[in-house]
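Working notes, beginning with the structure itself.
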2 protein chains.
Amino acid sequence: MSGRTGGTGSTPDASRAEHIRVLIVDDHPVVRRGLRAMVDDLPDVEAAGEAADGAAALRLLDAGTRPDVVLMDLQMGDGMHGVEATRRITALPSPPAVLILTTYSTDADILAAVEAGATGYLLKDAPPEEVAAAVHAAARGETVLAPPVAARLLGRVRAGGRPALTQRETEILGLVAEGLANKQISRRLFISEATVKTHLVHIYGKLGVDSRTAAIAAGLAAGLIRAV
Amino acid sequence: MSGRTGGTGSTPDASRAEHIRVLIVDDHPVVRRGLRAMVDDLPDVEAAGEAADGAAALRLLDAGTRPDVVLMDLQMGDGMHGVEATRRITALPSPPAVLILTTYSTDADILAAVEAGATGYLLKDAPPEEVAAAVHAAARGETVLAPPVAARLLGRVRAGGRPALTQRETEILGLVAEGLANKQISRRLFISEATVKTHLVHIYGKLGVDSRTAAIAAGLAAGLIRAV
DNA sequence: CCCGCCCTCAACCGTTCGATTGATTTTCGG
DNA sequence: CCGAAAATCAATCGAACGGTTGAGGGCGGG
């Protein structure tokens, strides 16, 4: 184990700290500036640093920056994607809480982020109070989900969740969205073209559409696939 | 905030002003905060107000707010879209300069914004200095385009520009991406299905693809259309 | 143990799509 | 004024797609 704190679990020396230290990770200077201003507005929170992408954030953490909370965007143009960065950060010894703060709420992103160990998931259109509350909650180790995100997760778990494609179906829908024809998909996945068509029929039924292009649109709208 | 001006409204007393007054329009509180912080950092610029969507911005302008520059996002979830807001603002008497500051640079958006009378087009990943320079330039009435945007526009005008769809073609590609069939598109645009197919053939040729799904993928990748 | 779900494959058939060829009108710029 | 580009429409034909029906193997829960 590492480090200096006894491995008692959650809050080590930060327990007595009034100061919550926040590391801001976003590729947009404007957003970083806004988050820092918001954070600095809170009396018991301070910005511990800024990074423009996941790699820079990891460098800061390696260099000794010890935030309690990492505010991270998911979509970051060039650099490391937020999900990967989250995975690596939560794999560190005594990791900070990772609070995802991003623009869109697509199923794939949310699941991937939670799976990677994110503590919470906020949307950028959240009001300042919500961001503040989320930072405090994350510092206490609690999980925070923006209402739309929570609803989406629940709707997925819930029994009635129609818009739940199987893994194979999602995979095929993704290839369709890349512009591949059925025959190409069949070769790519080592299955027959008939099987591809069967999957597509199921996909159409679940999405309530009747063509591959409409399936792409519906899949994008439902957050099942993501446009690069 | 805006305090009082002479009350005369359109009087050119702002001409001698050192102060550039900026109205910030964005649906994300975080971004508004960041822009305001950036603007307030500049000695000769001040924020004249904030609005969460185009309608709110127009209300502020109606109520007497007289900014020199409007910093406006294009994508605004619920409210009026930025292009429409730009159109209405530039239609006002002695309108302020409208500087678009948005996340993505898709051809359709850029052209629509310029057509609506936007003075400039910046991307949110622009560094603060670029934003500052653009605000100053916009206040002087100059046109400012972020390099990627300028390149895209030039590539469109330039003769060799392969990825330059015509307006009609872009429109049709957008409808294809919404999942519409040729017949539906023809009805939507009040043209024959044959015409739709002709346009599609041209689109495929320009994008180097041979199916509508591949055209969607290529169009998204090239920034010709945008996934909602 | 059986039922249901997922993944796999097959054959048939009607519709849509993509490619080709050819034509008219308008508009814009040399 | 004339040529180029854009937008419109038509007809044809083979290929791809979408809908249907049917079926078999694997896997987990009741």
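Proteins come first, then strands; the chains are lettered A, B, ... in the order of their sequence lines, and each starts at number 1.
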- Message: If I take atom CD1 in residue A/I172 and atom P in nucleotide C/dC7, what distance separates them, rounded to the nearest angstrom?
- Response: 8 Å
- Hey, what bend do you get for the helix from C/dC1-D/dG30 to C/dG30-D/dC1 if you fit axes on five pairs at each end, rounded to 10°? 50°
- Message: Give the residues of residues 175-182 of chain A touching DNA chain D, defined as any heavy atom closer than 4.0 Å, sorted by residue number.
- Response: A/A181, A/N182
- Message: Between B/K197 and B/E193, does any NZ, NE, NH1 or NH2 come within less than 4.0 Å of an OD or OE carboxylate oxygen?
- Response: no
- Query: What heavy-atom pair brings B/Y204 and B/A215 nearest, and what distance separates the two atoms?
  - Reply: CE2-CB, 3.7 Å
- Item | Backbone of B/L60 reached by a side-chain donor or acceptor of B/T65 within 3.5 Å | yes
Using residues 174-188 of chain B as the side-chain source, report each donor-acceptor pair under 3.5 Å to any protein atom, sequence neighbours left out, with the distance given to one decimal.
residue, atom, partner, partner atom, Å
B/N182, OD1, B/R212, NH2, 2.2
B/Q184, OE1, B/A181, N, 2.8
B/S186, OG, B/K183, O, 2.6

- Note on the structure: In the 5' to 3' direction, the nucleotides of DNA chain D bounding the stretch that comes under 4.0 Å of a heavy atom in chain A are D/dC17 to D/dT20
- Verdict with supporting geometry, A/I89 and A/L58, side-chain contact (heavy atoms from CB on, under 4.5 Å): CA-CA 7 Å; A/I89 289 177; A/L58 282 168; 3.8 Å; yes
- Task: Any chance you could lay out the side-chain hydrogen bond (donor to acceptor under 3.5 Å, both in side chains) test for B/T198 and B/T195, step after step, and finish with the verdict?
- Result: CA-CA 5 Å; B/T198 302; B/T195 306; 5.8 Å; no
Under 3.5 Å, N/O pairs linking protein and nucleotides 25-30 of chain C:
none

- Message: Less than 3.5 Å apart, any donor N or O on the side chain of A/D73 or A/H28 sitting next to an acceptor on the other?
- Response: no
- Where along residues 194-204 of chain A does a heavy atom fall under 4.0 Å from DNA chain C? A/A194, A/T195, A/T198, A/H199
- Start at the 5' end of DNA chain D and walk down; is the nucleotide closest to B/R168 or to A/V209 reached first? B/R168
- Is A/K124 salt-bridged to A/D26, cutoff N-O under 4.0 Å? yes
- Given atom CD of B/Q184 and atom C1' of C/dT15, what is their separation to the nearest angstrom? 14 Å
- Task: Select from A/T166 and B/E193 the residue whose nearest nucleotide in DNA chain C is closer to the 5' end of that strand.
- Result: A/T166
- Note on the structure: Minimal heavy-atom distance between B/G219 and B/L173, with the atoms involved, is CA-CD2, 4.2 Å
- Task: Can you see which heavy atom on B/D125 is nearest to which on A/D27, and at what distance?
- Result: CB-O, 4.2 Å
